[in-house]
Each structure stands twice: as structure tokens, then as C-alpha cells.
Protein chains: 2
Amino acid sequence: MTAEADRDTVAEVLSALADPTRRRILDALAAHGEATATVLAGELPVSRQAIVKHLAVLDRAGLVAAHRAGREARYVVRPARLSVTARWMDRVAADWDSRLSAIKRLAEDASDA
Amino acid sequence: MTAEADRDTVAEVLSALADPTRRRILDALAAHGEATATVLAGELPVSRQAIVKHLAVLDRAGLVAAHRAGREARYVVRPARLSVTARWMDRVAADWDSRLSAIKRLAEDASDA
DNA sequence: GAGCAGTGCAACCATCGAGTTGCACGTTGG
DNA sequence: CCAACGTGCAACTCGATGGTTGCACTGCTC
């Protein structure tokens with residue numbers, strides 16, 4: 001995956017995870033291993049339709065995958081994109097850290113002079 | 001930091017990072033090491049006031065810190081919360097992974113029987 | 001084959017938030 | 001000292017989106 005694709009992935013994952021209801025859906029989904037929108041709607045305080053929309057967002061972000069079993073649409077969590085985003089975040093944090101220590105070094109050198 | 005505080009932190013960081021403009025602000029800020037809202041507004045295609053609001057959000061999320069120098073308010077990035085969120089994400093991804101392999105094992109056992 | 005689950009689609013509403021503009025206040029430098 | 005610069009606060013607009021309800025369709029089951 002290229003760096004640009006990574007950036008897009010990260011953007012989608014972040015905005016998908018920004019919503020509390022979607023995080024709860026992912027929690028419930030992970031707990032079940034596999035579940036339908038109707039089942040999830042039974043556990044969360046929102047309508048089935050709301051769940052369906054959220055699942056669509058999560059699907060676009062690659063955080064869940066769907067497969068049909070007869071008349072049911074079963075969803076599963078997908079960890080890959082989450083790992084990508086976690087790594088991105090770690091890289092950014094490390095980058096900030098090194099920049100900050102560079103600044104600090106400069107400041108100390110200046111006060112030495 | 002307790003697990004609950006972590007969850008709150010993560011929620012705030014995620015919704016702060018969900019906005020593309022805020023990510024660009026953080027980028028620019030990291031590049032400068034230290035910058036004022038006015039400077040940032042000069043580099044990004046939004047007004048100073050928009051930057052100010054975003055910086056307030058980022059400050060609440062603990063991703064930046066401000067200090068006054070005369071009539072200026074200088075901002076700096078703060079990596080800590082970002083690392084916390086990255087670790088949280090990694091834990092969740094690992095959790096999903098183990099749940100998925102547990103399911104898979106069950107499925108294989110079932111087909112063996 | 002009739003009826004019931006379960007899904008999918010569409011229209012609609014309300015709220016939230018990103019962005020703008022205008023103005024008043026403190027700070028600094030000629 | 002006053003003029004200009006930078007900041008902070010408030011009011012307003014507007015699009016995105018989370019949520020709802022209603023209905024049509026499809027597949028299971030008796």
C-alpha cells in the first residue's frame with residue numbers, strides 16, 4: 001500500500017471511529033464474532049436503519065465486512081485497517097517527538113551561547 | 001491513567017483527528033515547532049478564526065498546548081495523547097484478531113465433527 | 001402458497017460543527 | 001502617545017450527518 005493510500009485509509013478510519021455509536025457497534029460486533037444489523041439494533045438504543053447506515057460507513061472504511069447467508073446479512077470486524085491506522089499514529093507521534101527534542105536542543109544551544 | 005480515562009481520551013482524540021483541516025493544522029504546527037494562529041491561517045486556506053476554533057478543540061483533546069508570549073499565543077504539538085490512542089487502537093486490533101481466530105477454530109472443529 | 005422475518009431504499013427532520021464576518025480589547029513599537 | 005498588529009468573543013450561515021419512519025422486496029417456513 002502506498003503512502004497516499006495509507007493517508008486515505010487513515011482519514012476514513014478516523015472519521016468512522018469518531019462516532020461513539022459506531023464504536024459501540026464495533027464493540028458489539030467483536031463480541032459476537034458475527035452479527036446482523038437487526039441483532040445489533042436489539043442491543044443498542046438506535047433503530048435498525050441507523051445501524052445499517054453506520055455499518056455502511058464502517059464497510060467503506062474497511063473496518064467490517066459483510067456476507068449474505070440466505071436472507072440475512074452477517075457482518076464481521078476486520079482488524080487490518082485498524083492496525084494500519086495505529087501504525088500511522090505511532091509514526092506521527094514519533095515524528096512530533098523528534099521535532100520537539102530538536103527544538104529543545106536548539107533552545108539549549110542558544111542559552112549556552 | 002485508568003481505563004475509563006483512556007476511553008475518554010481516545011474518544012476526544014479520535015473526534016479531533018477526524019477533521020482534515022485539523023490534521024493539516026497539526027502537520028503545519030509540527031513542521032514549525034511553534035506557531036501562532038495567525039501564522040497558521042497564512043498557510044492554510046481558512047480564516048484565522050477557524051484556526052483558533054480548531055486549536056481550541058485540539059487543546060481540549062490534549063494534542064496541542066498553548067503559552068503566551070506578549071500579545072502572541074504560541075502553540076506546540078503534544079505527542080502523548082496520540083501515543084495513548086495508538087496503543088488503544090493496537091489493543092483493539094489485537095483483540096479482534098484473537099476473537100476472529102477463535103471463531104475460525106470453532107468453525108474448523110465443527111466441520112471436523 | 002400464504003404469511004412472516006429480515007433486508008433495502010427513500011424521504012424527511014434536527015442537530016452539530018466548520019466556516020465566515022464584525023468588533024472590541026490588550027500589546028508593542030515608532 | 002497613538003497607530004497598527006494580534007488576539008478573543010459573539011452572532012450568523014450552511015452543509016453534513018445521525019436519526020427516524022414508512023414502504024417495497026425477498027427468502028424462509030408451515
Side-chain angles (χ1 to χ4, degrees), chain A residues 7-29 32-77, chain B residues 7-29 32-77 81 85:
Chain A
R7 227 193 309 282
D8 290 355
T9 296
V10 164
E12 270 180 295
V13 169
L14 286 176
S15 63
L17 289 181
D19 186 85
T21 306
R22 276 195 288 269
R23 287 197 298 274
R24 294 185 63 187
I25 290 177
L26 289 172
D27 258 3
L29 205 50
H32 277 78
E34 196 174 70
T36 70
T38 316
V39 168
L40 294 170
E43 301 191 5
L44 301 178
V46 290
S47 71
R48 178 185 60 92
Q49 283 309 318
I51 303 274
V52 168
K53 284 199 203 173
H54 284 307
L55 284 173
V57 174
L58 293 170
D59 185 43
R60 245 174 284 133
L63 290 171
V64 304
H67 77 270
R68 308 203 55 102
R71 68 181 157 187
E72 301 191 325
R74 302 219 176 116
Y75 287 84
V76 195
V77 292
Chain B
R7 227 194 309 283
D8 290 356
T9 296
V10 164
E12 269 180 294
V13 169
L14 286 176
S15 63
L17 289 182
D19 185 85
T21 304
R22 277 197 286 270
R23 288 196 299 273
R24 295 185 63 184
I25 290 178
L26 289 172
D27 257 2
L29 206 50
H32 277 77
E34 196 175 67
T36 68
T38 316
V39 168
L40 293 170
E43 300 190 7
L44 300 178
V46 291
S47 72
R48 178 185 59 92
Q49 282 309 320
I51 303 275
V52 169
K53 283 199 204 172
H54 284 307
L55 285 172
V57 173
L58 292 169
D59 185 42
R60 246 174 283 132
L63 291 172
V64 304
H67 76 272
R68 309 203 54 101
R71 70 179 156 186
E72 301 191 323
R74 302 220 177 115
Y75 287 84
V76 195
V77 292
R81 297 290 174 84
T85 307

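Nothing here was measured: the structure is a model prediction, and the numbers come from that model. Numbered from 1 within each chain, the chains take letters A, B, ... in sequence-line order.
Within residues 15-27 of chain A, the residues that place at least one heavy atom under 4.0 Å from DNA chain D are, in residue-number order, A/Asp19, A/Thr21, A/Arg22. Contacts between residues 46-61 of chain B and DNA chain C, counted as heavy-atom distances below 4.0 Å, involve B/Val46, B/Ser47, B/Gln49, B/Ala50, B/Lys53, B/His54.
Sorted by first and then second residue, the pairs that involve residues 14-29 of chain B and meet side-chain hydrogen bond (donor to acceptor under 3.5 Å, both in side chains), not counting sequence neighbours, are B/Arg22-B/His54.
Interatomic distance, B/Leu26 CG to B/Leu40 CG, rounded to the nearest 0.5 Å: 9.5 Å. Interatomic distance, A/His32 NE2 to A/Arg74 CZ, rounded to the nearest 0.5 Å: 12.0 Å. Atom-to-atom distance recorded for B/Ile25:CD1 and B/Glu43:CD is 11.0 Å, nearest 0.5 angstrom.
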### Task
Mind running side-chain contact (heavy atoms from CB on, under 4.5 Å) on A/Leu17 and A/Leu63 for me, showing each step along the way?
CA-CA 9 Å; A/Leu17 289 181; A/Leu63 290 171; 4.0 Å; yes
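In terms of heavy-atom proximity, B/Val57 sits nearest to B/Ala16 at CG1-CB, 4.2 Å. Among all heavy-atom pairs drawn from A/Val52 and A/Ala37, the shortest one is CG2-CB, 3.8 Å.
Going from atom CD of A/Glu72 over to atom P of D/dG27 covers 13 Å, rounded to whole Å. Atom CZ in A/Arg71 sits about 12 Å away from atom P in C/dC4, given to the nearest Å. For the pair B/Arg74 CZ and D/dG6 P, the interatomic distance rounds to 12 Å; values are reported in whole Å.
A distance-only check finds a donor-acceptor pair linking the side chain of B/Arg81 to the backbone of B/Ala61 [under 3.5 Å].
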